[in-house]
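Owing to the predicted nature of the structure, the values given are computational and were not obtained by experimental measurement.
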Amino acid sequence: MSDEPLPPRIRVEALQPAFAAPAEQWAERLGLPLGGEAQFALQLGEQGLQLTELGPGAPGPVRVDFVEGAAAHRRLFGGGSGQMIARAVGVQPGVRPKVLDATAGLGRDAFVLACLGCEVTLIERQPLIGALLADGLARAARDPEIAPIVARMRLLQGDAIALMRQWQGESPQVVHLDPMFPHRDKSALVKKEMRLFRPLVGDDPDAPALLAAALALASHRVVVKRPRKAPCIEGPKPGYSLDGKSSRYDIYPLQSLKG
């Protein structure tokens with residue numbers, strides 16, 4: 001995701017008067033204006049923080065919701081430890097790896113792993129997406145059922161390559177990467193998010209450096225999520241891959257995960 005400054009045509013707005021003060025705090029934190037002409041709006045209301053494109057024909061807003069909607073459905077009916085992401089990171093009986101999700105995005109993969117009992121550190125370097133993620137985690141922490149799950153999730157905001165190179169303390173057993181790529185997933189949800197986020201984040205031209213930093217940090221394996229027919233990231237070849245209908249996981253094993 002790009003480190004370029006945020007585009008200037010983004011404003012922050014409160015959807016109800018009661019949210020004016022916290023909206024102002026977000027605007028100050030992100031260096032964005034309150035009001036004015038804009039292409040996008042970061043809005044704060046009863047359902048939390050959301051990003052929306054303005055203008056005719058724009059898709060609806062995107063927010064992070066770990067309590068209801070798609071996240072809840074996947075938590076309850078998603079297939080548990082049989083899911084591809086679980087198999088890719090090495091979840092198995094008696095084994096719940098400590099995972100670093102270095103390209104966290106909206107936190108969906110990290111939440112699945114946290115639901116399965118993994119401790120997950122998330123890194124997101126795009127400030128707007130990081131704000132949505134921080135807000136979603138804070139709201140989930142107030143829900144009695146979901147709070148124990150998100151307690152296993154820790155968010156870091158900044159450049160993943162720099163943070164991995166400067167890592168302090170115990171290394172994560174698994175590093176998970178999902179670099180931005182020209183996705184061709186036809187689901188309406190992904191199309192909406194790509195339309196919103198691609199002008200803000202672009203692609204990941206530094207994916208090879210991201211992979212190199214992950215391989216230097218992880219103690220047991222690196223897992224890279226890719227569109228099914230996309231090439232591998234430039235660099236060392238994966239040891240093996242898990243293929244799904246629209247995506248695959250390239251696995252770079254370093255040592256065996258054992259209970």
Side-chain angles (χ1 to χ4, degrees), residues 64-124 133 136-137 140 143 145-156 160 164 170-181 183 185 187 189-190 193 210-211 214-215 217-230 232-233 238-259:
V64 173
D65 188 352
F66 294 121
V67 180
E68 298 178 349
H73 188 273
R74 191 170 177 186
R75 175 172 58 87
L76 296 171
F77 308 110
S81 58
Q83 296 175 79
M84 273 183 63
I85 177 111
R87 291 159 47 211
V89 304
V91 170
Q92 52 192 294
V95 178
R96 293 296 184 269
K98 293 184 178 179
V99 179
L100 169 62
D101 187 346
T103 51
L106 295 178
R108 291 196 187 98
D109 289 331
F111 183 68
V112 168
L113 295 174
C115 286
L116 296 173
C118 297
E119 292 182 23
V120 188
T121 300
L122 302 85
I123 300 177
E124 177 51 50
L133 191 48
L137 287 168
D143 182 277
E145 186 176 2
I146 307 302
I149 298 172
V150 296
R152 293 190 282 270
M153 299 169 69
R154 178 174 69 114
L155 174 62
L156 304 176
M164 284 193 284
E170 184 182 1
S171 294
Q173 292 172 288
V174 178
V175 177
H176 173 263
L177 304 175
D178 183 9
M180 285 289 283
F181 192 84
H183 284 275
D185 192 311
S187 80
L189 180 65
V190 172
E193 291 171 0
L210 195 65
L211 174 60
L215 288 167
L217 176 63
S219 63
H220 286 70
R221 71 174 63 174
V222 173
V223 174
V224 181
K225 186 177 182 180
R226 302 293 278 164
R228 188 169 65 89
K229 295 184 179 180
C232 297
I233 293 178
Y240 62 98
S241 298
L242 298 176
D243 291 314
K245 291 181 179 179
S246 61
S247 62
R248 74 168 193 273
Y249 288 92
D250 291 339
I251 317 295
Y252 299 78
L254 301 171
Q255 61 173 304
S256 177
L257 284 161
K258 298 176 181 177

Worksheet item: Which atom pair, heavy atoms only, marks the closest approach of Val175 to Ala214?
Response: CG1-CB, 3.6 Å
Item to complete: Mind checking the CG-CG spacing from Asp101 to Leu156? Nearest 0.5 Å is all I need.
Response: 11.0 Å
Worksheet item: Does some side-chain heavy atom of His176 sit less than 4.5 Å from a side-chain heavy atom of Tyr249?
Response: yes
Worksheet entry | CZ on Arg108 to CG on Leu133, rounded to 0.5 Å | 11.0 Å
Item to complete: Please check if atom CD in Gln255 has more than 12 non-hydrogen atoms from other residues, nucleotides or ligands closer than 6.0 Å.
Response: yes
Worksheet entry | Side-chain heavy-atom pair Val174, Leu257 within 4.5 angstrom cut-off | yes
Discussion item. Could you report the tightest heavy-atom contact between Met153 and Gly107, atom names first, then the distance?
Written reply: CE-O, 4.3 Å
Practice prompt. Would you please test Phe111 and Leu122 for side chain to side chain contact (heavy atoms under 4.5 Å, CB included) and show each step?
Written response: CA-CA 10 Å; Phe111 183 68; Leu122 302 85; over 6 Å; no
Discussion item. Show the nearest heavy-atom pair for residues Ala160 and Ala102, with the distance to one decimal.
Written reply: CB-O, 3.3 Å
Worksheet item: Between Leu215 and Tyr252, is a side chain to side chain contact (heavy atoms under 4.5 Å, CB included) present by the stated rule, with each step listed?
Response: CA-CA 8 Å; Leu215 288 167; Tyr252 299 78; 3.7 Å; yes
Worksheet entry | Residue among Arg152, Glu119, His220 satisfying side-chain contact (heavy atoms from CB on, under 4.5 Å) with Lys98 | Glu119
Discussion item. Any side-chain to backbone donor/acceptor pair from Arg96 onto Leu116? Under 3.5 Å, distance only.
Written reply: yes
Worksheet item: Taking the side chain from Arg248 and the backbone from Lys225, do they hold a donor-acceptor pair closer than 3.5 Å?
Response: no
Worksheet item: Side-chain contact, heavy-atom cut-off 4.5 Å: Asp250 with Ser241?
Response: yes
Worksheet item: Rounded to the nearest 0.5 Å, how far does CZ of Arg87 lie from CD of Gln92?
Response: 12.5 Å
Response to the item:
Here the pair of heavy atoms bringing Ser219 nearest to Leu254 is O-CB, 3.9 Å
Worksheet item: Side chains of Cys118 and Val112: does their closest heavy-atom pair fall under 4.5 Å?
Response: no
Worksheet item: How far apart are the C-alpha atoms of Gln173 and Val99, what are their side-chain angles, what is the distance that settles it, and do they pass the side chain to side chain contact (heavy atoms under 4.5 Å, CB included) test?
Response: CA-CA 6 Å; Gln173 292 172 288; Val99 179; over 6 Å; no
Practice prompt. Please say which of Val224, Thr103, Ile85, Val223 ends up in a side-chain contact (heavy atoms from CB on, under 4.5 Å) with Asp178.
Written response: Thr103
Item to complete: Compare every heavy atom of Pro253 with every heavy atom of Tyr240, then report the nearest pair and how far apart it is.
Response: CE2-CG, 4.4 Å
Worksheet item: Has the side chain of Thr121 got a donor or acceptor atom that lies under 3.5 Å from a matching backbone atom of Leu100?
Response: no
Item to complete: Go through the steps for Met164 and Leu210 under the test side chain to side chain contact (heavy atoms under 4.5 Å, CB included), then give the verdict.
Response: CA-CA 9 Å; Met164 284 193 284; Leu210 195 65; 3.8 Å; yes
Practice prompt. Write down the atom of Val89, the atom of Pro97, and the distance for their closest heavy-atom approach.
Written response: O-CG, 3.4 Å
